[in-house]
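This report concerns only the one structure given below.
Below, read A as the first sequence line, B as the second, and so on, with proteins coming before strands; counting in each chain starts at 1. Only heavy atoms go into these numbers, but all of them, side chains included; no hydrogens, no water, no symmetry mates.
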Protein chains: 2
Amino acid sequence: MTTTALKARKEFGKTLASDIAHRLRNEIVTCQLKPNESLKFDALRLSFGASFTTLREALTLLVAEGLVVAEEQRGYKVAPVTLEDLHDLTHARILIEVDLMRRSIEKGDDDWEIRVISSLHRLVRIEERAPEDYASNTEWKAAHRQFHEALVSASGSPTLLAVRNSLFDRAERYRNLSAIFRPHPRDKAGEHRALMQAAIGRNADQACALIASHIQTTSNNVARYASGVISAG
Amino acid sequence: MTTTALKARKEFGKTLASDIAHRLRNEIVTCQLKPNESLKFDALRLSFGASFTTLREALTLLVAEGLVVAEEQRGYKVAPVTLEDLHDLTHARILIEVDLMRRSIEKGDDDWEIRVISSLHRLVRIEERAPEDYASNTEWKAAHRQFHEALVSASGSPTLLAVRNSLFDRAERYRNLSAIFRPHPRDKAGEHRALMQAAIGRNADQACALIASHIQTTSNNVARYASGVISAG
DNA sequence: ACTTTGCGTATTTTCGAAAATATGTCTCAT
DNA sequence: ATGAGACATATTTTCGAAAATACGCAAAGT
């Protein structure tokens, strides 16, 4: 073979388009594809080995999630990062996550408690295993995501959960961005444990206050450490 | 020409795909395309005159908005309507709309006040002109949408506004569904005026209570009158 | 009778070429 | 020098055919 063109093969989703969306989402969230980077079809075609229309479908999906922006007739690019966007995102996340948390605590059954406890356990184990900069560890990120997902998983609100997931991705991109510059990872272990205890203890007010403050603090840290790479809001 | 196939032409959007998404959205919201109806490509191709891939892109857009559901490898269909979904939707709308309302009232400037007042004025004029069942009037629906959009337009929250718009469409589909069975349209004129007055008067608590109750009441009415066509939650 | 297997049809999914649109460059008139 | 117009190139957008996959029905096996 003379070219490096890949033949596309599914790793995740059931259709190729959703599979590519998944991979693209990952590259954007981890900032392998940088904010504002223009997503030319020829280039994407080369790295993903799919045709124009399949790529287009994947990009459409990511536009809906706010990770890609489309300028009609002028192509797609990775969504910009700005302080304004970070603030907007943070506000939306707190509003929705607090609501989901409260209702999850109201409705959560035994299985929910188990999901919360076990996902926290896994997170702690990973932190013990790699105490240094676990925040840039892929395994930690997955566990972190799963813990937060478990907390709200009993809310019984598909609509808000879907929005929440997409906002979580957008926020994770900002966290990854700031991780490049942050001297040391903040110790979130205590916060996570307190969150779990408030949730399992059915102390809704406290859990909501904790999650709001958790999101806000993280956002503030991102704003501080990532200000170098973030365009002026 | 032997077939009735249409040649696609843009009426709205800049690209054909977004244009078709717009038209499809309208047909779904107005229930010309019925809940659960399967969206076969051949049929769509005939009525919209676009190719497979263009239609696919439009459908992808609507899936993200929750008006269409995709069963991978088994095509697309109009999203089902259920009582459960209506409740979920209503809850999400109240949460988000109340937040947007409060911040719009905080931040709204002169232009915002003008938008609110003039959009209400237009709505009232239409109601005067067609006092009978204005709720099934296209013009009224557009004005109604614009009034509610105006109220929250100063919130400065692109993320939540985008979610709000998509939820509004989903809710409008339920309203249209119940309008078929509702004996007489509820008189919303008073509620709308009170909403405007509370907003312009910068009475945030009252405006938030009014909008929450407005959404909840509408949803309750939909549930009552549409129970015949809504699948059991 | 009831499930399983295989095959033809219907439908979706993916592809690469062709059309449409934007961008950049060069020329020419002022 | 500067700006407008025209051509050439780069890029996106749309198309219909081809490949992949699901579905229905008939035949065979238990």
Distance in angstrom units between [X] [atom1] and [N] [atom2], rounded:
X	N	atom1	atom2	result
Leu16(B)	dT12(D)	CG	C1'	14 Å
Glu72(A)	dT14(D)	CD	C1'	14 Å
Leu59(A)	dT13(D)	CG	C1'	13 Å
Leu46(B)	dT11(C)	CG	P	13 Å
Leu44(A)	dT11(D)	CG	C1'	12 Å
Glu57(B)	dT13(C)	CD	P	15 Å
Asp42(B)	dT13(C)	CG	P	13 Å
Leu39(A)	dT11(D)	CG	C1'	13 Å

Under the 3.5 angstrom rule, does the side chain of Ser104(B) hit a backbone N or O of Ala154(B) as a donor-acceptor pair?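 Flag set: sc Ser104(B) to bb Ala154(B) pair under 3.5 Å.
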Under 3.5 Å: donor-acceptor pair, side chain of Trp140(B), backbone of Ile126(B): no
Given [options], identify the nucleotide with an atom nearest to the side chain of [X].
X	options	result
Arg45(A)	dG16(C), dC15(C), dT13(C)	dG16(C)
Gln73(B)	dC15(D), dT13(D), dT21(D)	dT21(D)
Tyr76(B)	dT13(C), dT12(D), dC15(D)	dT13(C)
Lys40(B)	dC15(D), dT11(C), dG16(C)	dT11(C)
Lys14(B)	dC15(C), dT14(D), dA22(C)	dA22(C)
Ser51(B)	dC15(C), dT13(C), dG16(D)	dG16(D)
Phe52(A)	dT12(D), dA17(D), dA22(C)	dT12(D)

More than 12 heavy atoms of other residues, nucleotides or ligands under 6.0 Å from CZ of Arg115(B): is that the case? yes
Report yes if the side chains of His87(A) and Thr82(A) come closer than 4.5 Å at any heavy-atom pair, otherwise no. no
May I ask you to say what Leu55(B) touches in the nucleic acid, namely base, sugar-phosphate or nothing, with a heavy-atom cut-off under 4.0 Å?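 Nothing, no nucleic acid heavy atom in range.
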Using a cut-off of less than 4.0 Å, is there contact between a side-chain N or O of Thr54(A) and OP1 or OP2 of dC15(C)?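 Thr54(A) to dC15(C) OP1/OP2: side-chain N or O found under 4.0 Å.
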For Arg74(B) and dT21(D), is the shortest distance between a side-chain N/O and OP1 or OP2 below 4.0 Å? no
Given DNA chain C, 5'-ward residue of the pair Thr53(A) and Phe41(B), judged by closest heavy atom: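 Closest to the 5' end, via its nearest nucleotide, is Phe41(B).
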Test log, rule side chain to side chain contact (heavy atoms under 4.5 Å, CB included), inputs Leu24(A) and Leu33(A): CA-CA 8 Å; Leu24(A) 253 172; Leu33(A) 288 170; 3.5 Å; yes
